[in-house]
Every structure is written in C-alpha cells, then in structure tokens.
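Let me begin by presenting the structure, written as structure tokens, before commenting on it.
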Amino acid sequence: MHVQVGIVGAGPAGLLLGHLLHLKGIDSVILESRNREYVIDRVRAGVLEQFTVDLMTHVGLGTRVHREGMRHDSLYLSFAGGRHYVPLAELTGGRAIYVYGQNEVVKDLVEARIATGRPLHYEVRNVSVLNIDSTRPSIRYTANGDQEELTCDFIAGCDGFHGICRPALGNLVTFYDKTYPFGWLGILAEAAPSSEALVYTYHERGFALFSMRSQRITRLYFQVPPEEDINQWPDDAIWQEMLTRMSTQDGWRPNVGCILNKNVTAMRSFVTEPMCAGRLYLAGDAAHIVPPTGAKGLNLAASDVLHLARALACFYGSGSTHLLEQYSETALKRVWRSQRFSWWMTQTLHRFPDGNPFDHKRQLTDLDYITSSTAALTSLAENYVGLPMELAF
Ligand SMILES: Cc1cc2nc3c(=O)[nH]c(=O)nc-3n(C[C@H](O)[C@H](O)[C@H](O)COP(=O)(O)OP(=O)(O)OC[C@H]3O[C@@H](n4cnc5c(N)ncnc54)[C@H](O)[C@@H]3O)c2cc1C
C-alpha cells in the first residue's frame with residue numbers, strides 16, 4: 001500500500017497534521033501503538049496558547065474549545081505569602097490562554113479524523129521506518145498479527161519522546177539536553193477552582209501550581225525529587241503540602257476534594273537539531289521536550305505541524321521543496337524561544353537542591369522586580385500567551 005504521508009503517532013501532533021493535510025487534499029495514514037481510550041484518557045496538558053486556539057478555530061475545530069474551554073485573561077505569581085496579579089490580555093493587546101484539557105483536544109481531533117474517513121489505525125505493533133534517504137521511505141508494522149508495509153512519499157514522526165522515529169535519524173542529528181533535579185507531583189481533584197486564574201507559586205519548600213480543568217475539577221502540582229515514589233504520598237499528605245505551599249496571607253487557598261488521579265512527572269529540556277533527515281520529519285515531543293512550567297509542549301506540537309503541513313502543501317501544489325528544506329530551521333526558532341521561556345520559568349520558580357540562601361534571595365528579588373515592572377511583566381505575558389503566528393497554510 002502507498003500513501004502520500006505516513007504519520008507515526010496519534011497524539012495531538014499526528015492527529016492535527018492529518019487534519020491539516022486533509023484540508024489540502026493530501027492523503028495520510030496515521031498509525032498509533034496504543035488504543036484509542038488510552039490516548040484520550042492520558043492526563044497531560046491543559047493550557048492552550050492563543051495561537052493554538054486560533055489555529056483550531058481557523059481549521060474548523062474550534063466549536064468546543066470556545067464553548068467549553070475557559071479563557072483566562074490573567075494569572076497570579078505568588079511568593080513571600082502574597083499573590084500578584086498578571087493581566088495577560090491587557091499587556092498583550094487582548095491575547096489570552098485557554099484552559100482546555102489535552103484529552104478534549106484529542107477527542108476533537110479524533111472525531112474530525114473519523115469524519116474524513118481517512119485511515120487511523122490503533123494498536124499497531126513493531127513499528128519501524130525504512131529507507132528514509134530514498135524517495136520511497138516506508139513504515140513496517142504489524143496489525144492484527146499481520147506484517148504490513150506502507151510506502152510513503154514522506155514520513156512524519158509524531159510519536160512522542162519515547163517513539164521510534166527520532167532514533168531512526170541516527171547520527172545525522174545533534175541532541176541538546178538538560179535534566180532538572182526535580183519533578184512535579186500532579187493531582188486532579190474533585191473540587192471547584194477557588195481562583196478564577198492560575199496561580200504559580202514560589203515557596204521556600206519549592207514550586208507549586210494551582211490550575212483547573214473545569215468548573216468542578218482542580219489540577220494542582222508541587223515540586224518533588226525526580227524519582228519520588230507516588231505511593232509514598234497518601235492523599236492527606238498531598239493536601240497538607242499543597243496547602244502549606246499555596247495558602248497566601250490574604251486568606252486564599254485551594255479548595256480540597258477527592259483526589260481522582262495522581263502521578264509524578266520528571267522534567268527535562270530536550271531539542272533535536274535538525275528535526276529531519278531524508279524524508280523523515282519529526283514534530284512535537286518526538287523532536288523536543290520542554291519542562292511543563294511554561295505550558296508550551298502541546299502548543300509547540302501545533303506550531304510544528306502547521307509549518308510541516310505548509311511545506312507539504314507547497315510541495316504537492318507546486319513541486320517546490322524549498323519550505324521542506326526550511327522546515328527544521330523555521331520550526332526551531334519557535335522551539336528555542338519556548339525552550340528559553342520554559343527554562344526561565346523553571347529556574348525562577350523552583351528550589352534547586354544545590355541552591356543556597358543567596359539563590360533564594362535572588363529568586364525573590366527577581367519575582368519582586370517582575371511584578372513591579374510593566375516592562376518585565378509584559379515580557380512574561382507575551383511569552384506565556386505565546387507569540388503570534390501566521391495561520392494561513
Ligand atoms: C504533566 C504534564 C503537563 C503538561 N502541561 C502542558 C500544558 O499545560 N500545555 C502544553 O502545551 N503542554 C503541556 N504538556 C506537554 C504535552 O502534553 C505534550 O507536549 C504533547 O502531548 C505533545 O504531543 P505529541 O503529539 O507530540 O506527543 P504525544 O502526546 O506523546 O503523542 C505521541 C503518540 O505517539 C504514540 N507512539 C509512540 N510510539 C509509537 C510507535 N512506535 N508507533 C506508533 N505510535 C507510537 C504514543 O502512544 C502517543 O499517542 C504537559 C505534559 C505533561 C507530562
């Protein structure tokens with residue numbers, strides 16, 4: 001079987017790429033190793049940049065995010081016991097972020113894919129990519145016990161950080177990597193959000209984040225050692241730590257409720273450069289990872305696939321490969337800006353195990369400066385809502 005674009009992975013990157021290509025009349029097959037419920041139910045991102053919502057709207061996927069997503073025009077930075085208001089929209093000419101779970105984004109994308117009638121195969125096994133240096137690369141996999149081979153014009157590696165596509169680039173690429181000496185313990189709790197905006201906290205016991213998923217579900221995190229065993233954290237102890245770090249002198253604190261889900265996520269920054277070799281193009285977490293402090297991962301997956309769809313549409317429309325040749329360089333500009341911002345948020349708001357009292361004072365001074373300078377707050381706001389990007393493709 002032959003297809004124009006073979007897509008490995010049905011996370012946000014793979015599904016959105018499939019949709020953009022469909023709109024340009026380009027056929028694709030999407031292959032996913034997990035089952036559909038697993039991919040939808042995974043609890044991950046929750047914050048969408050203005051650009052991502054604009055893109056979803058532009059390509060006909062915006063109905064539910066506008067109806068059910070929560071637009072946030074502001075956030076709080078909390079330190080030394082006080083909450084400081086950051087008017088995101090006011091500082092960025094009306095741009096905002098939207099709280100809309102990755103689960104919901106994936107549901108919208110799966111529904112759109114099914115409506116196109118184009119192939120989306122779950123639970124494929126033993127996936128490998130072959131002949132990426134030729135004009136007929138292929139994807140080999142097993143489905144229902146049968147070995148299959150799909151030849152393609154191009155392969156899009158959208159298979160996340162642990163996928164098989166990045167290793168297939170071999171030694172043709174360079175990896176830039178940074179691991180952090182902490183992770184996040186995250187919970188979903190059945191509790192109405194007690195703040196209308198997200199609250200990023202720097203506390204002497206470490207970072208904490210108040211967030212939400214809906215009018216009745218709160219999403220909360222705090223910093224722990226990277227290898228922390230979640231089983232060592234009974235629910236009462238989690239709430240005690242959350243309340244210790246997050247409660248502020250004005251009496252604000254998160255509402256407590258039944259914990260529905262809890263886990264620990266390690267944190268790293270990682271970039272593959274270039275994001276392609278031969279006819280294999282990486283997008284999303286397959287190519288890069290950001291620490292979640294900046295809420296950029298899913299948004300970068302969206303910007304990567306917009307660049308890639310534009311380049312493939314140009315190729316199929318005019319035969320020109322110039323945008324494909326520029327794909328990596330173009331995508332990496334935004335990737336590195338998001339890396340810088342995510343790193344900056346992370347090192348400003350977390351306690352490092354080797355940090356000393358000087359570092360603590362410096363971080364408090366940094367936060368005091370940011371919250372008292374319109375120039376510094378504007379820089380934070382424009383990065384947090386995300387830089388504008390041309391939507392046409
Ligand atoms: C705790 C946490 C909080 C986060 N918060 C935010 C946030 O607020 N905002 C934000 O923008 N981002 C956030 N992120 C990051 C975001 O979740 C990811 O960046 C996003 O999932 C990337 O999408 P993707 O499609 O590139 O990769 P993935 O979502 O990882 O999808 C890859 C898919 O490929 C499949 N796959 C893997 N190997 C194979 C194979 N061999 N064959 C076929 N299929 C394969 C996988 O099963 C998966 O479905 C967060 C992440 C975490 C962990």
Side-chain angles (χ1 to χ4, degrees), residues 6-18 29-49 51-53 72 75 97-103 105-106 109-110 120-129 139-143 150 155-168 183-188 198 200 209 211-213 219-221 261-268 270 272 275 282-305 308 331 335 338 341-342 345 384-386:
I7 300 176
V8 185
L15 289 166
L16 182 56
L17 178 63
V29 172
I30 305 180
L31 301 170
E32 165 62 49
S33 56
R34 302 286 193 153
N35 65 41
R36 179 169 153 179
E37 292 67 37
Y38 177 90
V39 177
I40 289 179
D41 290 346
R42 254 183 327 202
V43 180
R44 297 184 85 183
V47 175
L48 303 184
E49 290 180 352
F51 147 75
T52 306
V53 173
H72 285 210
L75 58 76
I97 52 137
Y98 292 74
V99 170
Y100 189 65
Q102 181 164 330
N103 322 58
V105 174
V106 172
L109 289 166
V110 169
L120 165 55
H121 302 303
Y122 286 99
E123 298 186 74
V124 300
R125 306 267 179 252
N126 308 317
V127 181
S128 59
V129 293
I139 308 175
R140 199 173 281 166
Y141 60 99
T142 48
L150 181 68
I155 297 175
C158 302
D159 50 348
F161 189 64
H162 301 288
I164 52 91
C165 288
R166 188 178 62 253
W184 280 11
L185 187 155
I187 62 167
L188 270 184
L198 273 58
Y200 281 81
L209 171 59
S211 175
M212 72 275 299
R213 280 292 189 272
R219 177 82 166 135
L220 303 165
Y221 304 91
N261 176 291
K262 55 182 175 180
N263 59 16
V264 173
T265 311
M267 297 182 58
R268 73 189 308 166
F270 182 93
T272 309
M275 289 167 51
L282 302 185
D285 278 16
H288 40 71
I289 293 283
V290 281
T293 331
K296 295 291 175 218
L298 192 158
N299 296 291
L300 282 179
S303 58
D304 284 354
V305 298
L308 187 52
V335 169
S338 295
F341 178 66
S342 302
M345 287 282 281
Y384 195 75
V385 301

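Numbering starts at 1 and runs along the sequence shown. Both ligands and their constituent atoms are indexed starting at 1 by order of listing.
- Annotation for ligand 1: atoms under 4.0 Å from non-hydrogen atoms of G160 are 27 (O), 30 (O), 32 (C).
- Shown here for G284 and D304, the closest heavy-atom pair between the two residues is N-OD2, 2.8 Å.
- Ligand 1 places these atoms under 4.0 Å from at least one heavy atom of R34: 47 (O).
- Residues satisfying the side-chain contact (heavy atoms from CB on, under 4.5 Å) criterion with S342, sequence neighbours excluded, are V290, P291, K296.
- Contact of the V106 side chain with the R42 side chain is not registered, since no non-hydrogen atoms from C-beta on lie closer than 4.5 Å.
- Here the straight-line distance linking atom NZ of K262 with atom CG of L185 works out to 8.0 Å at 0.5 Å rounding.
- Residue E49 does not touch ligand 1, judged by heavy-atom distances below 4.0 Å.
- Considering each of C158, G183, S128, G284, the one bringing a non-hydrogen atom nearest atom 32 (C) of ligand 1 is C158.
- Every atom of ligand 1 with a heavy atom of N299 under 4.0 Å away is listed here by number and element: 10 (C), 11 (O).
- Close approach of ligand 1 to L31 is summarised as follows: ligand atoms under 4.0 Å from at least one heavy atom of the residue are 43 (C), 44 (N).
- Between the choices G157, A45, P291, the shortest heavy-atom distance to atom 6 (C) of ligand 1 belongs to A45.
- The structure places NE2 of H288 at 8.5 Å from OG of S338, a figure rounded to the nearest 0.5 Å.
- In this structure, S128 and I164 approach most closely via the heavy-atom pair CA-CD1, 4.1 Å.
- To the nearest 0.5 Å, the span separating CZ on R166 from OG1 on T272 amounts to 5.0 Å.
- Here's the thing with V47: one of its N/O atoms is less than 3.5 angstrom from an N/O atom of ligand 1.
- With ligand atoms numbered from 1 in the order given, ligand 1 contributes 38 (N) to contacts under 4.0 Å with heavy atoms of G163.
- Distance check, rounded to the nearest 0.5 Å: CG of L308 to SG of C158 gives 7.0 Å.
- Atoms of ligand 1 lying under 4.0 Å from any heavy atom of D159, numbered from 1 in the order shown and given with element: 32 (C), 34 (O), 36 (N), 37 (C), 38 (N), 39 (C), 45 (C).
- In summary, of the residues considered (V8, L120, L150), a side chain to side chain contact (heavy atoms under 4.5 Å, CB included) with V29 occurs for L150 alone.
- Among all protein heavy atoms, the one lying closest to atom 36 (N) of ligand 1 is S33 OG, 3.6 Å.
- Residue contact check: V8 has heavy atoms under 4.0 Å from atoms 42 (N), 43 (C) of ligand 1.
- Between Y384 and V47, some side-chain heavy-atom pair lies under the 4.5 Å cut-off.
- Looking at every heavy atom in both residues, V99 comes nearest to R213 through CG1-CA, 4.2 Å.
- The shortest contact between atom 49 (O) of ligand 1 and any protein heavy atom is with E32 OE1, 2.7 Å.
- In the vicinity of G297, heavy-atom distances shorter than 4.0 Å reach the ligand 1 atoms 10 (C), 11 (O), 12 (N), 15 (C), 19 (O).
- Looking at L298, V124, L209, it is L298 that brings a heavy atom closest to atom 10 (C) of ligand 1.
- Looking at atom 1 (C) of ligand 1, its nearest protein heavy atom turns out to be T265 OG1, 3.8 Å.
- Residue contact check for ligand 1: H162 places no non-hydrogen atom closer than 4.0 Å to it.
- Nearest-residue assignment for atom 16 (C) of ligand 1 (options M267, Q102, R219; heavy-atom criterion): Q102.
- The two residues G297 and D285 make their nearest non-hydrogen contact at O-OD1, 4.4 Å.
- The two residues I155 and I139 come nearest to each other via the heavy atoms CD1-CG1, 3.7 Å.
- Not a single heavy atom of G186 lies less than 4.0 angstrom from ligand 1.
- Counting only heavy atoms of the protein, atom 41 (N) of ligand 1 lies nearest to I164 CG1, 3.6 Å.
- Some N or O of G46 is nearer than 3.5 Å to an N or O of ligand 1, by distance alone.
- Across the listed options A287, G11, A295, G11 owns the non-hydrogen atom lying nearest to atom 31 (O) of ligand 1.
- In terms of protein heavy-atom proximity, atom 19 (O) of ligand 1 is nearest to D285 OD1, 2.7 Å.
- Considering backbone and side-chain N/O of Y221, none are found under 3.5 Å from N/O of ligand 1.
- Considering backbone and side-chain N/O of R44, one or more are found under 3.5 Å from N/O of ligand 1.
- The side chain to side chain donor-acceptor pair (under 3.5 Å) check on R219 picks up Y221, with sequence neighbours excluded.
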